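Down below is the structure, laid out as structure tokens.
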Amino acid sequence: MSGDRGQVTSAHWGASRVFTEGGRIVRAEPFEEDPDPSPIAHILPKAVHHADRVARPSVRKGWLKGDRARGSGHDDFVEMPWDEALDIAAEEIGRIRRVHGNEAIYGGSYGWSSAGRFHHAQSQLHRFLNCIGGYVARQGSYSLSAAEVMIPHIFGVSESEFHYSYQERWSEIVEHTETLVAFGGINTKNAQVNPGGTGAHRTGAYLRAFGAGRGVMFNVSPQRGDSPEFARWIPVIPGTDTALILALAHELERTGRVDRDFLSRCAVGYDRFRAYLAGETDGVAKNVAWASAISGVPAEEIVALADRMATTRTMVAVSWSVQRAENGEQPYWAAATLAAMLGQIGLPGGGFGEGYGTTDGGGTGPTRRWGGGALPQGTNPVGIAIPVARIADMLLNPGMPYQYNGQNRTYPDIRLIMWAGGNPYHHHQDLRRLERAWEKPDCVIVNEPWWTATARRADIVFPATTPYEREDFGRESTDPYIFHMPRLIEPLGEARDDFEIFRGLAARLGAEEAFTEGLSATEWIARLYGDFRAHSAGQGVATPALDDLKARNWAKIDPPPQPAEGPLAAFRRDPEAHPLQTPSGRIEVFSDTIAAMGYGHCPGHAVWIEPTEWLGTRDRYRLHMLSPQPADKLHSQLEAALADEPDARPMRVVLNPEEARSRGIADGTLVEVFNDRGTCLARARISDDVMPGVLILPTGAWYRPDGQGRDTQGNPNVLTRDIGTSPIAQGPTAHTTLVDLRPV
Ligand SMILES: Nc1nc2c(c(=O)[nH]1)N[C@H]1C(S)=C(S)[C@@H](COP(=O)(O)OP(=O)(O)OC[C@H]3O[C@@H](n4cnc5c(=O)[nH]c(N)nc54)[C@H](O)[C@@H]3O)O[C@H]1N2
Ligand SMILES: Nc1nc2c(c(=O)[nH]1)N[C@H]1C(S)=C(S)[C@@H](COP(=O)(O)OP(=O)(O)OC[C@H]3O[C@@H](n4cnc5c(=O)[nH]c(N)nc54)[C@H](O)[C@@H]3O)O[C@H]1N2
Ligand SMILES: [Mo]
């Protein structure tokens with residue numbers, strides 16, 4: 001019946017109309033309501049039916065013989081019937097709980113998995129683990145850990161609340177912003193995706209409207225393509241944004257254009273920051289000449305930009321990428337401080353904003369998010385969480401003390417890893433180090449639809465369905481579209497839903513009733529949808545009944561009414577009546593809380609700290625590698641199908657003609673990108689759109705090392721460094737990486 005019109009389903013890259021024939025997905029077409037559909041969906045039919053799907057439960061042969069040498073990913077697997085594999089897994093989970101306790105289970109399981117509220121793989125895993133006594137969790141994200149820790153210190157509110165409800169909307173930027181300074185750029189490449197989906201992509205239209213208006217956009221980035229063509233490109237040496245921002249601040253001071261009234265009413269600690277800017281604390285004035293030498297931005301350009309920022313309505317926008325680097329806390333703090341000095345925080349189209357264009361949800365939707373509908377995960381009695389990107393440190397160093405946001409902590413001793421809906425051999429840094437760490441636990445259990453590098457490094461692999469093989473509903477908290485996601489095809493091979501896999505394990509561990517509450521998947525979907533409806537109704541949002549939604553496939557609903565005044569506008573108008581939730585009630589240019597942490601690197605206000613790997617060092621690796629998000633897909637998802645396209649792998653690495661010439665590299669040359677941590681193959685693409693000294697190698701390739709440990713696909717994470725941003729946030733630092741390359 002779906003043969004003629006297909007059926008609409010939702011994905012993180014947007015909705016598609018999917019067509020099936022004879023039990024196979026044959027085509028995915030753009031959702032008719034979407035003005036800017038993402039092309040990512042095109043690869044779907046090939047990926048879903050790809051030979052790299054995990055067909056049956058599989059157990060690593062070496063593990064059955066008692067070895068832990070899973071790290072290399074070269075071991076063979078034996079396929080088993082479901083009952084047998086579930087028995088083996090449940091027995092091992094039970095043994096580890098008995099002998100080592102639940103604090104020996106790592107269930108952080110970071111990853112985007114797929115859209116759909118009920119079958120959210122990570123939530124299913126967390127619920128299962130909580131039903132059997134809990135697990136070691138993770139906090140923060142690979143996306144923006146440093147921002148997640150810093151925004152509450154500076155603005156007294158969670159990063160997500162700031163992102164969705166505090167900073168200016170795109171509509172205000174288009175109408176009011178005269179100068180949009182985008183550190184790390186703002187583009188539609190990344191706004192193709194949105195966690196949970198997006199019915200009609202919104203960012204493109206806003207960017208086009210901004211480009212057509214009188215506002216000027218500055219793309220402060222090592223790559224021209226990080227912003228639309230109409231933006232003025234200011235190439236900046238990677239990792240030096242903080243120095244550049246400090247010089248803009250210094251220039252405001254020098255020319256007497258700091259908004260002292262705003263600072264005294266709405267901020268604390270400016271005097272101490274100003275002493276640092278002037279060089280009173282360290283003998284170095286953070287002036288334009290100083291920053292020009294560090295950032296590579298000509299002094300007159302910094303002067304002109306500061307002048308423009310001081311005399312026009314200015315938005316200081318920072319991408320998430322700039323904080324995915326060593327001391328990634330600092331560019332955010334510096335940018336917020338600069339915005340406070342300009343005194344435009346809380347004015348229409350002015351102030352500080354982060355993550356515009358990083359997803360389609362950033363600044364496009366209503367400031368009030370609505371509805372519920374998430375799978376309840378229960379409570380976790382273990383009560384231990386690690387900063388997400390410290391996983392290898394944890395596995396390698398049980399019992400070792402570490403610092404996090406002012407707390408003294410120790411790493412737990414992990415014996416079991418369970419993962420569902422993520423690919424750490426895509427997302428983690430220094431993969432060869434992860435391989436070594438991965439051999440520490442007694443057992444690794446992974447639920448995956450495809451034989452990813454992570455599945456290949458598991459002891460027990462359970463084949464999971466994709467969203468096309470099960471029913472669900474899809475929604476995102478700012479998106480006016482809701483979707484019934486019908487089951488389009490039967491599960492492939494012997495794949496089961498994560499819910500069914502965990503039900504099977506829970507039954508064997510005496511927790512089936514706690515896990516399912518006696519409900520089937522269909523009944524759970526009805527319950528969660530009911531929860532979503534009730535929450536929406538409570539916020540004045542009318543939604544169709546589930547049967548109605550099923551019949552219609554999708555619906556567009558009216559978001560809740562927007563508040564007349566945003567929280568930052570109210571704060572600015574009357575900071576006494578509407579204080580921020582920081583210790584001072586104001587914007588913290590200086591934070592006593594951070595100063596009291598006593599971390600030597602950070603005195604309590606934004607500072608420039610020279611990175612250990614950057615183009616200013618005399619390192620023997622002379623190129624700075626950036627590994628942004630891939631344009632043609634979401635992370636490593638659907639990679640099985642993309643990797644087979646003729647000439648698609650290894651990935652393209654983009655470099656400036658200057659660097660290519662001096663190394664004898666032509667467009668299309670097969671190259672090795674290398675440093676002390678690893679080597680990967682890539683194919684050179686030469687372009688003036690990348691500044692000299694910088695390499696662009698997007699993420700997304702699966703990790704497939706050859707006999708010498710050289711990755712054959714072009715996965716930048718064999719080269720990236722696995723250290724935390726700083727003891728404040730301990731976030732990932734993929735963008736702080738020096739490499740070199742040579743023709744093969
Ligand atoms: N060098 C470098 N590394 C980075 C970044 C960078 O900028 N540079 N960016 C980082 C960022 S921001 C992020 S968010 C991470 C992303 O890292 P991940 O979120 O881990 O990447 P994905 O490829 O989305 O992984 C999702 C996995 O879940 C599987 N999956 C999908 N649906 C289901 C399901 O229903 N059930 C189960 N069991 N599995 C499912 C997919 O097949 C896929 O393997 O990468 C990080 N890594
Ligand atoms: N198509 C697609 N879109 C995605 C994703 C995807 O996988 N595919 N992933 C989504 C996810 S999980 C996230 S977290 C967001 C991430 O969103 P971001 O973190 O904002 O995006 P990136 O693509 O990592 O980086 C954007 C650009 O920042 C620039 N950059 C890197 N380092 C520096 C620096 O030191 N200074 C300056 N000024 N610029 C720098 C690089 O040139 C890079 O192209 O994207 C989301 N959007
Ligand atoms: Mo992310």
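This structure is a prediction, so every number in the text was calculated from the model and none was measured. Counting convention: from 1, in listed order, for ligands and their atoms alike. Residue numbers run from 1 in the order of the sequence given. In what follows, every heavy atom counts, from backbone to side chain, and hydrogens, waters and symmetry copies are set aside.
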May I ask you to list the atoms of ligand 2 that are less than 4.0 angstrom from any heavy atom of [X]?
X: P238; result: 35 (O)
X: V236; result: 38 (N)
X: Q192; result: 1 (N)
X: D241; result: 34 (C), 35 (O), 36 (N), 37 (C), 38 (N)
X: G239; result: 34 (C), 35 (O)
X: P222; result: 37 (C), 39 (N), 40 (C)

For the pair [X] and [Y], find out whether any cationic side-chain nitrogen is under 4.0 Å from an anionic carboxylate oxygen.
X: R649; Y: E639; value: yes
X: E613; Y: R677; value: yes
X: R224; Y: E229; value: no
X: R53; Y: E469; value: yes

Mind checking what makes ring-ring contact (aromatic ring centres under 6.0 Å, His included) contact with [X], not counting sequence neighbours?
X: F352; result: F155, F162
X: H120; result: none
X: Y110; result: Y142, H427

Can you confirm whether the side chains of S10 and R475 place a donor and an acceptor under 3.5 Å from each other? no

Are Y356 and W170 close enough, and set up right, to give a ring-ring contact (aromatic ring centres under 6.0 Å, His included), and what steps lead you there? CA-CA 8 Å; Y356 291 112; W170 267 115; 5.6 Å; yes

N or O pair under 3.5 Å between I237 and ligand 2: no

G184-ligand 2 polar pair, N/O distance under 3.5 Å: yes

If we only consider heavy atoms of G185, is any one of them less than 4.0 Å away from an atom in ligand 2? no

Would you please write out the protein residues whose heavy atoms approach any atom of ligand 1 to under 4.0 angstrom, listed by chain and number? Y110, G111, W112, S113, S114, A121, Y142, S143, R324, G421, G422, N423, H426, H427, Q429, N447, E448, P449, W450, T452, A464, T465, R470, D498, S627, Q629, H635, S636, Q637, T699, N717, T720, A734

R127 to F502, cation-pi by 6.0 Å centre distance and 45° axis angle: no

Which part of T240 is near ligand 2, with near meaning a heavy atom under 4.0 Å away: side chain, backbone, both or neither? neither

When the aromatic ring centroids of F462 and W82 are compared, is their separation below 6.0 Å? yes

